[in-house]
Amino acid sequence: MADLRVDGKRLWEALMELAQIGATEKGGVKRLALTDLDRQGRDLVVGWGKAAGMSITIDQIGNVFMRRDGTDNTLPPVVTGSHIDTQPTGGKFDGNYGVLAGLEVVRTLNDRGIRTRAPIEVAFWTNEEGSRFVPVMMGSGVFCGAFTLEHAYAARDTEGKSVGEELERIGYKGTQVPGDHPIGAYFETHIEQGPVLEDADKVIGVVPAVMGLSWYDCTVSGMEAHAGPTPMHLRRDAMQVAARIIPEVVAIANRYPPYGRGTVGMMQVFPNSRNVIPGQVKFSIDLRNVSDALLNTMHEEMVGFVERTAAETGLEIKLERVSYYPPCPFHPDVVGAVRNATAKLGYSTMDVVSGAGHDAIYAARLAPSGMIFVPCKDGISHNEIEDAKPEHLEAGCNVLLHAMLERAGVV
Ligand SMILES: [Zn+2]
């Protein structure tokens, strides 16, 4: 068993074949959730699953589970998976790698005639990207009860088409009640989507946790006036007050390293005219960290700074929290299985806390879960130039294979 390895070439070829569905001119993929292209991608992967002898279950939100029986089918399956929908200018690997790595694990077990005690399943979750339909991570979110099936069905794209209608149309509205599907343990392999592994020249990222995030809308209200006749000391300039708050967002993140993050990525200026003192400025704040306690401290400091700034300047500042995702620590047993497999295979490794959301966060609410990261070129994803090395993808898949076998048990 120690010399068991996946077929990296076969994994790569499957990735390249799936990437042809919705291929873009710049070498990326556009395969939005529940489009005709998504149906083609789903059909291709399901066809591969059936050819590998797996049985298929589809739930009411279109999550697909492909199952390889174990010798004891009363045990809950060891599941791996991810998503095959992409961003409008997405790449070949985000999500797709996690699904096809699972398929490659099954193909390898078939080649060698290896039976596992617990069943093994490869899943793909509906609409992870949240690009065509909000919210993101929709399939896994419904599965774990984060929101209802009705809420998901009612989501509409910009053309007014709903998730419920589109699922029906592409033939992936299944019958199983979401969540009514046991999971013994959940693994997800994924490209890192950040630059840490490449920068440190490591092959495998062990993921102990996913960062939590706190999102805010901040609105500073002053008074619009002519930029010429109004003397400096008589202005109520919303922009100048916003400009005091923005560096503090970064300063707060820097006070809580190594995982503190602070970003202002969106700004609207009213009336947005060069010779008018801005009367109102609205901007977004995105704070992240790896523990609830740190994220709460960052939140308190943000609120305190905004209150003091309002008092000092006399302008009204509204800070509204619009989203909160708590940090998600992964299960020590699953993280341990990934560590063991990486050590056994001799790959260079480090811990990488995920800054991005994944289906594994929702899976973790129901079952012991964990992730395996591999490097991607320049840390770039959600971009047509997203790229990864075949040998890294193969290494991550080998880790997945051995970690899943540890959990499922070999007969
Ligand atoms: Zn993804």
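Order of listing sets the numbers, starting from 1, for every ligand and every atom in it.
At a threshold of 4.0 Å, the pair K161-E166 does not count as salt-bridged, since none of the basic side-chain nitrogens sits closer than that to a carboxylate oxygen.
For W125 and F65, the ring centers sit closer than 6.0 Å to each other. Between W215 and F283, the distance separating the two ring centers is not shorter than 6.0 angstrom.
Applying side-chain hydrogen bond (donor to acceptor under 3.5 Å, both in side chains) to N96 and the options H190, R31, H83 leaves one that passes, R31. Screening K318, E320, H299 for a side-chain hydrogen bond (donor to acceptor under 3.5 Å, both in side chains) with Y216, the sole residue that qualifies is H299.
For the Zn ion (ligand 1), the tally of protein N/O/S atoms lying closer than 2.8 Å stands at 3.
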Start with the C-alpha gap between E384 and K30, add the side-chain angles, then the distance that decides, and say whether salt bridge (Lys or Arg N to Asp or Glu O under 4.0 Å) holds.
CA-CA 9 Å; E384 289 162 277; K30 179 182 181 181; over 6 Å; no
